[in-house]
Amino acid sequence: MNSDRPTDLSRRGLLAGSATALAAASLGGRALAQAPAAAPPRPALPPYVAWKDAEHVIVHTGTTIETKRSAFGTSIITPAERLYIRNNLPAPDVSIVANRDAWVLSVEGVRQPRMLTVADLRTMGLETVAAVLQCSGNGRGYFASKPSGTKWQVGAAGCVIWSGVPVRNVVAALGGVDGAARFMTGTGGETLPAGVDPKSVMVERSVPLKAMEDALLAWEMNGEPVPHAHGGPLRLVVPGYSGVNNIKYVKRLAFTADESDAAIQRTGYRISPPGQKHQPTEPSVWEMELKSWINGPAPETGPVKAGWVQVHGVAMGATRNLRRVDVSIDGGQTWREARFVGPDLGRFAWRQFVLPVRLEPGQYLLASRAQDTQFNWQAESTPDNSGGYLNSGWRAHAIPLVVV
Ligand SMILES: Nc1nc2c(c(=O)[nH]1)N[C@H]1C(S)=C(S)[C@@H](COP(=O)(O)O)O[C@H]1N2
Ligand SMILES: [Mo]
């Protein structure tokens, strides 16, 4: 796979990076939400991600592409070709990955602020982490209040392996964090559209300073240079924190006393009552939650034959290890403990689980619920919130199974 194939097609993608595409990007979700029942056919893969596995993804819009439930496989790691895509802005020109080592990151809010190239960063340390990357809005499609935005089901998530330098190494090399800093703020390298207030569109997120301990500046994903579409040449990876906090094509990493005043931080990604606008005082969407779901047999693959069925799925502890996962075939009336399968790649990864069940012809409702090592159970349901964020309730994620 070569995900960075430039080609004139990506250039067309760039041309589309105008005000029109921007409007489409920010309104896409809303337009979908209001689409009539007989919605037009889904768009094809846009040129900048033409290398994705079209058969195994759902293209909501050019900037929102979801993995099908049946397409996660059972090998833990989500291949780049199937990994979801979410862009708040059109991606920068693919030429930024022509010379990856030359990409410059400005590190601020440390005792010795510096501009560092990826080549510099490569000398400062190396670590690898398996982590779930999950959009804050994954599961939004299951909220009863129908919040606006992309109606993601389970596929705005994946488990990927990142390699890069630990942020704490970089900070140590630059003399440590500035005394007043309480947040780590990352800024995306997109070219902002002309004529709009930069703060209203820029992708800049702040996370609590403690997240720095696990964060990486990553140049490799699943054994290859980070694909341009997934944030290459350099991505800020904050394990355990939802997608938006993992800044693609990161160009600035700042240790700040306050949260960013960019709209995406101040009034975006907050947990607000249904129908209400986000307020800067409400909780920001940061750490993910304990969650699991069934991937197979998925409804999209049709009925299965009576007999033994291997019910499998994924479970994530977000920031904690998992203790167990239970599976129900009757919509949560009764539960049986599933078995973890495959290696344990650590607390930020997800784990695959399976429960073999012998099924007679009929209709079933498959559900799973995870428990972490602190004995917390996955919630039965997540309260509706206006942004449709962090849906992790097991009931909403249950899927029907028809056995013939
Ligand atoms: N620079 C930048 N970083 C970004 C975004 C973006 O639009 N620009 N989108 C965020 C959101 S909302 C999500 S869910 C993830 C998506 O990552 P992916 O497209 O690699 O799957 O990236 C996050 N980081
Ligand atoms: Mo997201």
Side-chain angles (χ1 to χ4, degrees), residues 3-4 17 21-22 24-26 28-29 45-46 48-49 51-52 57-67 78-93 96 103 105 131-141 147 149-152 154-162 185-193 198 201-207 215 217-218 220-222 224-239 241-253 260 262-265 268-270 284-286 288 387-391:
S3 42
D4 298 320
L22 178 62
S26 55
L45 281 169
Y48 75 102
V49 283
W51 52 273
K52 291 264 172 189
V57 296
I58 304 163
V59 181
H60 292 284
T61 69
T63 54
T64 47
I65 300 166
E66 163 164 20
T67 313
T78 312
E81 292 83 351
R82 297 184 180 194
L83 183 63
Y84 83 102
I85 283 280
R86 163 67 165 122
N87 286 323
N88 294 269
L89 284 174
D93 192 303
I96 64 169
W103 180 261
L105 173 76
V132 173
L133 178 70
Q134 178 180 227
C135 182
S136 318
N138 196 32
R140 182 184 288 127
T150 304
K151 302 283 177 282
W152 304 108
V154 292
C159 185
V160 291
I161 299 194
W162 303 104
T185 297
T187 312
E190 285 101 340
T191 308
L192 302 182
V201 288
M202 70 195 299
V203 178
E204 183 173 276
R205 290 282 301 172
S206 302
V207 294
L217 288 158
E220 189 178 302
M221 187 186 99
N222 292 354
E224 297 184 314
V226 178
H228 168 250
H230 290 295
L234 190 68
R235 183 167 192 166
L236 175 62
V237 172
V238 189
Y241 282 62
S242 74
V244 72
N245 302 294
N246 294 256
I247 303 293
K248 305 198 257 192
Y249 1 90
V250 62
K251 68 169 188 193
R252 176 175 171 262
L253 185 69
S260 166
I264 196 169
Q265 178 76 29
Y269 294 88
R270 302 259 165 195
S284 196
V285 178
W286 281 330
M288 296 185 287
Y389 296 128
L390 297 175
N391 195 350

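Positions are given from 1 along the sequence. One-based numbering, in listed order, for ligands and for the atoms of each. In what follows, every heavy atom counts, from backbone to side chain, and hydrogens, waters and symmetry copies are set aside.
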Indicate yes or no: does Glu204 engage Arg252 in a salt bridge with an N to O separation below 4.0 Å.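 Looking at Arg252 together with Glu204, the answer is yes, because their closest N to O distance falls below 4.0 Å.
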Given side chains that start at C-beta, do those of [X] and [Y] come closer than 4.5 Å, heavy atoms only?
| X | Y | result |
| --- | --- | --- |
| Thr61 | Thr150 | no |
| Gln265 | Ser284 | yes |
| Leu234 | Tyr249 | no |

Among all protein heavy atoms, pick the one closest to [atom] and tell me residue, atom and distance.
| atom | value |
| --- | --- |
| atom 19 (O) of ligand 1 | Lys248 NZ, 2.6 Å |
| atom 13 (C) of ligand 1 | Gly243 C, 3.6 Å |
| atom 21 (O) of ligand 1 | Tyr84 O, 2.7 Å |
| atom 9 (N) of ligand 1 | Asn88 ND2, 3.0 Å |

Side-chain donor or acceptor of Asn138 paired with backbone N/O of Val154 under 3.5 Å: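 Checking the backbone N and O of Val154 against the side chain of Asn138, a donor-acceptor pair under 3.5 Å is found.
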In this structure, does ligand 1 have an atom that sits under 4.0 Å from one of the heavy atoms of [X]?
| X | value |
| --- | --- |
| Leu83 | no |
| Arg235 | yes |
| Tyr269 | yes |

With heavy-atom distances below 4.0 Å as the criterion, list the atoms of ligand 1 near [X].
| X | result |
| --- | --- |
| Val244 | 10 (C), 11 (C), 12 (S), 13 (C), 23 (C) |
| Ile85 | 19 (O), 21 (O) |
| Cys135 | 14 (S) |
| Asn87 | 7 (O) |
| Gly188 | 1 (N) |
| Tyr249 | 1 (N) |
| Leu133 | 17 (O), 20 (O), 21 (O) |

Heteroatom proximity flag, Arg86 to ligand 1, N/O under 3.5 Å: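 Arg86 vs ligand 1: N/O contact under 3.5 Å present.
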Any chance you could measure Glu190, atom CD, to Asn87, atom CG, to the nearest 0.5 Å?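 Separation between the atoms: 7.0 Å.
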May I ask you to decide if the ring planes of His60 and Trp152 are parallel, tilted or perpendicular, using 30° and 60° as cut-offs?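 Correct class here is perpendicular.
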For atom 2 (C) of ligand 1, tell me which residue out of Glu190, Met202, Gln134 has the closest non-hydrogen atom.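 Looking at heavy atoms only, Glu190 sits closest to atom 2 (C) of ligand 1.
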Please report the C-alpha distance between Ser136 and Met288 in whole Å, then the side-chain angles of each, then the deciding distance to 0.1 Å, and finally whether the side-chain contact (heavy atoms from CB on, under 4.5 Å) criterion is met. CA-CA 8 Å; Ser136 318; Met288 296 185 287; over 6 Å; no
Backbone, side chain, both or neither: what part of Asn246 comes under 4.0 angstrom of ligand 1, heavy atoms only?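 Near ligand 1, Asn246 shows its backbone, while the atoms from C-beta on stay back.
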